[in-house]
Participant: 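Take this structure, written in structure tokens, and hold onto it; I'll ask about it next.
Residue numbering restarts at 1 for every chain, and letters A, B, ... go by the order of the sequence lines. Computation of the quantities below employed the complete heavy-atom set of this structure, encompassing side-chain atoms and omitting hydrogens, waters and symmetry-equivalent molecules. Quantities reported herein were computed from a predicted structural model and do not represent experimental measurements.
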Amino acid sequence: MSDFTIYNTLSREKEKFVPLHPPFAGIYVCGPTVYGDAHLGHARPAITFDLLFRYLRHLGYKVRYVRNITDVGHLENDADAGNDKIAKKALLEQIEPMEVVQRYTDNYHRNMDQLNVLMPSIEPRASGHIPEQIEMVATILEAGYAYISNGSVYFDVEKYHQSNPYGQLSGRVLEDLLATTRELEGQQEKRNPFDFALWKQAEPEHIMRWKSPWSEGFPGWHLECSAMSRKYLGDEFDIHGGGMDLLFPHHECEIAQSKIATGKDSVRYWMHNNLITINGQKMGKSLGNSIILDDMFSGNHPLLEQAYDPMTIRFFILQAHYRSTLDFSNEALQASEKGFARLMKALSILEKLPRSPQTTIDIDGWETRCHDALNDDLNTPVMISHLFDMVRQINLINDGKEQVTDTDIARLGLKLSAFIFDILGLRDNSIADSGSTVLPDVIRLLLDIRQEAKKNKDFTLSDRIRNELGNIGIKVKDGKDGAEWEMG
RNA sequence: GGUCACAUAGCCAAGUGGUUAGGCACCGGUCUGCAAAACCGGCUACAGCGGUUCGAAUCCGCUUGUGACCUCCA
């Protein structure tokens, strides 16, 4: 089996994953800003790094996965500035900022649970780490890489760049940045347009504010991730993840301020997931094509032809590689829905397969191919294509065209379960497998009666049972060994 | 305007120099009282133009198109 490799944005190459302190592995991922409902854009990084979390654990690492909640103010530039996003929403709705934060945090958690995204090991909130952030600002000031201007503290990028390469992660050249930065209001406090705030003095109407040595205000926009990753993962840690949209300036700034605060390059592997498009267009609130997850699951949105099960969404996202853009459309989602159902179907017949004295399929080679795909920078689409190869094998066994022993069925079942449920984090939520058995039993009874009717050539009765079950949403499917059914 | 990505069959999506990835749709077939479902099989594409090479979707150049970032949004 090959080594686990990760594409490192910093080197622009796939690198073998070697943790700093085996068997431990530390991951930090930029989490949501909780000022609105979770949408598709939140689902992708959550699922991508959930996959990473699950796979590292599968490989035997003891993983600490930290994913923050951003609940401290960040300015909006497009509107009548002055308030941060959370404060603004709070005023709008006449409630406490922390009430907004709580509501949308709960909502995010609920949606992530629906997508079968595991909770991280630690989920720190920016508002709960103000002292750590203030301390980091002070350290950077003492080191001489920041300056105070009108109660705010800014990071001195130019000075940093004299001894450290600024822009390495995102491929920016400082001189170019200077040439292309636009003139904006509020820039006059800064020595250079590309300097960024470590601490920001609050405007009078700004509700979320904390006391600091420099002013009453709030921490800078990139600082929380540096402060919290350091606190929970140390000065140096293994993996930092996030969306590609965070590459610049957010992660670039994190690198700079952490380097000065700790004297070390804090992150070994930078991982970035790509964005989601809808019908070929970027998803965005301003474009009116942003779909929140609740609507996705209920189908209640003009762009949606139907409701999509969370597992369909998860499977769909995993069918593309995390570093590629992924285009949502009804056609594509419906394709995934059917493919996923076929996968689950094959899994369900596994136990019922006819046993043979020998096995004619190559289980070990297949397992290696699955692992190799995952080891190749989490190439889930290739891994899933191997799963479908096994689906075909299972069906061929079922048709008597291939053979498998009793032992190998058990072995295969364990492996499939590990890949599909443990690593990919999929969940079989067909109704027959959950909750009470009363409904399945009743349906089974009806189907038995129908079978007898068919035997007696009473097709009026048999069709009536099938049709009326169909009317209440239960699809009857005749097979060789009696009828099957499913909700739908 | 600057920087960087990407362009693969009806749709989605892997693939980084030489054996048809995969899913959905579609078309055949098996099964079946009928239908549906299920299963098996088929479907050989790489934006355009030029170049490198014995050989290119894959490397290089140009053109066209799409997207991301360049903002005290995260």
Side-chain angles (χ1 to χ4, degrees), chain A residues 12 30-33 35 41 68 70 73-79 81 84-85 152 154 167 170-173 176-177 179-187 189-190 193-198 200 218 220-222 224-225 242-252 274-275 277 280-282 315-316 319-321 323-343 345-346 349 369 373 376 379-389 391-392 394-396 398-399 401 454 457-459 462-463 466-467 470 475-480 483-486 488:
Chain A
R12 286 158 207 272
C30 294
T33 301
Y35 71 99
N68 66 299
T70 296
H74 294 280
L75 289 164
E76 278 194 334
N77 78 335
D78 56 336
D84 68 43
K85 281 184 177 177
S152 296
Y154 293 96
S170 57
R172 310 281 153 153
V173 179
D176 291 350
L177 282 176
T180 59
T181 306
R182 300 173 214 167
E183 286 297 320
L184 284 169
E185 283 183 42
Q187 296 272 29
E189 287 183 0
K190 300 199 278 188
F194 43 67
D195 288 348
F196 56 91
L198 296 171
K200 187 78 184 156
F218 49 94
W221 303 271
H222 315 296
E224 60 177 272
C225 292
M244 255 174 203
D245 50 332
L246 301 177
L247 234 163
F248 188 89
H250 183 57
H251 291 157
E252 203 72 71
N274 216 317
L275 306 176
T277 57
Q281 245 196 335
K282 182 201 175 185
F315 188 66
F316 177 68
Q319 272 190 298
H321 189 256
R323 283 192 288 116
S324 298
T325 55
L326 174 61
D327 191 44
F328 266 79
S329 64
N330 283 287
E331 201 176 359
L333 282 166
Q334 284 157 14
S336 285
E337 183 178 68
K338 288 182 182 166
F340 181 59
R342 197 168 142 237
L343 181 63
K345 179 80 194 313
I349 68 168
R369 284 193 292 279
D376 183 16
N379 198 331
T380 50
V382 167
M383 192 272 213
I384 289 171
S385 79
H386 296 322
L387 292 180
F388 279 110
D389 287 340
V391 166
R392 180 163 295 110
I394 289 170
N395 288 328
L396 285 170
N398 200 35
D399 283 4
K401 291 170 184 162
K454 283 171 68 175
K457 306 277 180 200
D458 184 358
F459 298 122
S462 71
D463 286 351
R466 181 176 64 193
N467 295 338
K475 210 185 288 174
V476 175
K477 300 184 285 191
D478 288 338
K480 239 181 260 174
E484 308 248 326
W485 62 275
E486 69 180 30

Participant: Round to the nearest Å and state the distance from A:His250 atom NE2 to B:A68 atom C1'.
Facilitator: 17 Å
Participant: May I ask which nucleotide in the shown strands pairs with B:G67, Watson-Crick or G-U wobble, both distances under 3.5 Å?
Facilitator: B:C4
Participant: Under 4.0 Å, heavy atoms only, any strand: does A:Lys457 hit a base, just the sugar-phosphate, or nothing?
Facilitator: nothing
Participant: Could you walk me through whether A:Leu387 and A:Leu343 pass the side-chain contact (heavy atoms from CB on, under 4.5 Å) test, one step at a time?
Facilitator: CA-CA 8 Å; A:Leu387 292 180; A:Leu343 181 63; 4.1 Å; yes
Participant: Locate the shortest heavy-atom distance separating A:Ala320 from A:Thr380; write the atom from each residue and the value.
Facilitator: O-OG1, 3.7 Å
Participant: Could you state the atom-to-atom distance from NZ of A:Lys454 to C1' of B:A35 in whole Å?
Facilitator: 11 Å
Participant: With sugar-phosphate meaning primed atoms plus P, OP1 and OP2, does A:Leu246 contact a base, only sugar-phosphate, or nothing at under 4.0 Å between heavy atoms?
Facilitator: base
Participant: Please state how far atom CE in A:Met244 lies from atom P in B:C70, giving the value in whole angstrom units.
Facilitator: 15 Å
Participant: Would you indicate whether the side-chain heavy atoms of A:Cys225 and A:His251 approach each other to under 4.5 Å?
Facilitator: no
Participant: On the nucleotide B:A68, are OP1 or OP2 found under 4.0 Å from the side-chain N or O atoms that A:Asn274 carries?
Facilitator: no
Participant: Pairing check on B:A9: which nucleotide meets the Watson-Crick or G-U wobble criteria with it, both distances under 3.5 Å?
Facilitator: none
Participant: Given B:C11, B:C39, B:A68, which nucleotide is nearest the side-chain atoms of A:Asn395?
Facilitator: B:C39
Participant: Look up atom CZ in A:Phe328 and atom OG in A:Ser336, then write down how far apart they are to the nearest 0.5 Å.
Facilitator: 9.0 Å
Participant: Take the angle between the ring planes of A:Phe315 and A:Phe340 and call it parallel below 30°, perpendicular above 60°, tilted in between.
Facilitator: tilted
Participant: Taking all heavy atoms of A:Asn68 and all of A:Thr70, pick out the closest pair and write down the distance.
Facilitator: ND2-OG1, 3.0 Å
Participant: When all nucleic acid strands are considered with a 4.0 Å heavy-atom cut-off, which category describes A:Leu396: base, sugar-phosphate, or nothing?
Facilitator: sugar-phosphate
Participant: Would you indicate what A:Ser324 reaches in the nucleic acid, counting non-hydrogen atoms under 4.0 angstrom: base, sugar-phosphate, or nothing?
Facilitator: sugar-phosphate
Participant: Mind checking A:Pro249 for me? I need base, sugar-phosphate or nothing, with any heavy atom below 4.0 Å counting as a touch.
Facilitator: base
Participant: Is there a Watson-Crick or G-U wobble partner for B:C73 with both distances under 3.5 Å, and which nucleotide is it?
Facilitator: none
Participant: Mark yes or no for a side-chain to base donor-acceptor pair under 3.5 Å between A:Arg466 and B:A35, with no hydrogen or angle criteria applied.
Facilitator: yes
Participant: Within the structure shown, what part of the strands sits under 4.0 Å from A:Thr325 by heavy-atom distance: base, sugar-phosphate, or nothing?
Facilitator: sugar-phosphate
Participant: Specify the separation, in whole Å, of atom CG of A:Asp327 and atom P of B:A14.
Facilitator: 12 Å
Participant: Say we look at B:U3 and B:A25: how far apart would their P atoms be, to the nearest angstrom?
Facilitator: 45 Å
Participant: Scan A:Leu326 against the nucleic acid and name what it touches under 4.0 Å (heavy atoms): base, sugar-phosphate only, or nothing.
Facilitator: sugar-phosphate
Participant: In whole angstrom, give the distance that lies between atom NZ of A:Lys401 and atom C1' of B:C31.
Facilitator: 11 Å
Participant: Can you tell me, in whole Å, how much space there is between the C1' of B:A5 and that of B:C26?
Facilitator: 34 Å
Participant: Would you say A:Lys190 places a side-chain N or O within less than 4.0 Å of OP1 or OP2 belonging to B:C72?
Facilitator: yes
Participant: Provide, to the nearest angstrom, the distance between the CZ atom belonging to A:Arg172 and the P atom belonging to B:C69.
Facilitator: 10 Å
Participant: What string of B, S and - do you get for nucleotides 20-29 of chain B, 5' to 3', if B is base contact, S is sugar-phosphate-only contact and - is no contact with any protein heavy atom under 4.0 Å?
Facilitator: -BSBSS----
Participant: My understanding is that a pair needs two contacts under 3.5 Å, Watson-Crick or G-U wobble. By that rule, which nucleotide pairs with B:C46?
Facilitator: none
Participant: Applying the Watson-Crick and G-U wobble criteria at under 3.5 Å, what pairs with B:G28? Answer none if nothing qualifies.
Facilitator: B:C40
Participant: Paired with B:C59: which nucleotide, if any, by Watson-Crick or G-U wobble criteria at under 3.5 Å for both distances?
Facilitator: B:G51
Participant: What interatomic distance, in whole Å, is found between C1' of B:U53 and the corresponding atom of B:G41?
Facilitator: 38 Å
Participant: Between A:Asp327 and A:Thr325, do the side chains contain an N or O donor and an N or O acceptor separated by less than 3.5 Å?
Facilitator: no
Participant: So what does A:Ala320 hit on the nucleic acid, given a heavy-atom distance under 4.0 Å: a base, only sugar-phosphate, or nothing?
Facilitator: sugar-phosphate
Participant: At their closest point, which heavy atom of A:Lys200 faces which heavy atom of A:Glu189, and how far apart are they?
Facilitator: NZ-OE1, 3.6 Å
Participant: In Watson-Crick or G-U wobble terms, both distances under 3.5 Å, what is the partner of B:A21?
Facilitator: none
Participant: So, is A:Asn330 close to the B:C12 phosphate, meaning a side-chain N or O under 4.0 Å from OP1 or OP2?
Facilitator: no
Participant: Determine the interatomic distance between C1' on B:G15 and the same-named atom on B:C6; round to the nearest Å.
Facilitator: 15 Å
Participant: From the set B:A38, B:G2, B:A14, return the single nucleotide nearest to any side-chain atom of A:Lys345.
Facilitator: B:A38
Participant: May I have the distance from A:Leu275 (atom CG) to B:U66 (atom P), rounded to whole angstrom?
Facilitator: 18 Å
Participant: Measure CD/A:Glu252 against P/B:C70 and give the value in whole Å, please.
Facilitator: 12 Å
Participant: Roughly how far apart, to the nearest Å, are B:G23 and B:C39 at atom P?
Facilitator: 11 Å
Participant: Determine the contact category for A:Phe328: base if any of its heavy atoms lies under 4.0 Å from a base atom, sugar-phosphate if only primed atoms, P, OP1 or OP2 are that close, otherwise nothing.
Facilitator: nothing
Participant: Pick the P atom in B:C60 and in B:C4, then give their distance to the nearest Å.
Facilitator: 14 Å
Participant: Closest-nucleotide mapping onto RNA chain B: is A:Gly171 or A:Cys30 further toward the 5' terminus? I mean the 5' end.
Facilitator: A:Gly171
Participant: Does A:Asn395 reach the main-chain N or O of A:Val391 with its side chain, forming a donor-acceptor pair under 3.5 Å?
Facilitator: yes
Participant: Rounded to whole angstrom, note down the P distance from B:A57 over to B:U52.
Facilitator: 16 Å
Participant: Considering only side-chain heavy atoms of A:Trp221, which listed nucleotide, B:C72, B:A13, B:C40, is closest?
Facilitator: B:C72
Participant: Can you tell if the side chain of A:Thr277 reaches within under 4.5 Å of the side chain of A:Leu275, non-hydrogen atoms only?
Facilitator: no
Participant: So A:His222 and A:His250, would you call those rings parallel, tilted or perpendicular, with 30° and 60° as cut-offs?
Facilitator: tilted
Participant: Pick the C1' atom in B:G51 and in B:C40, then give their distance to the nearest Å.
Facilitator: 46 Å
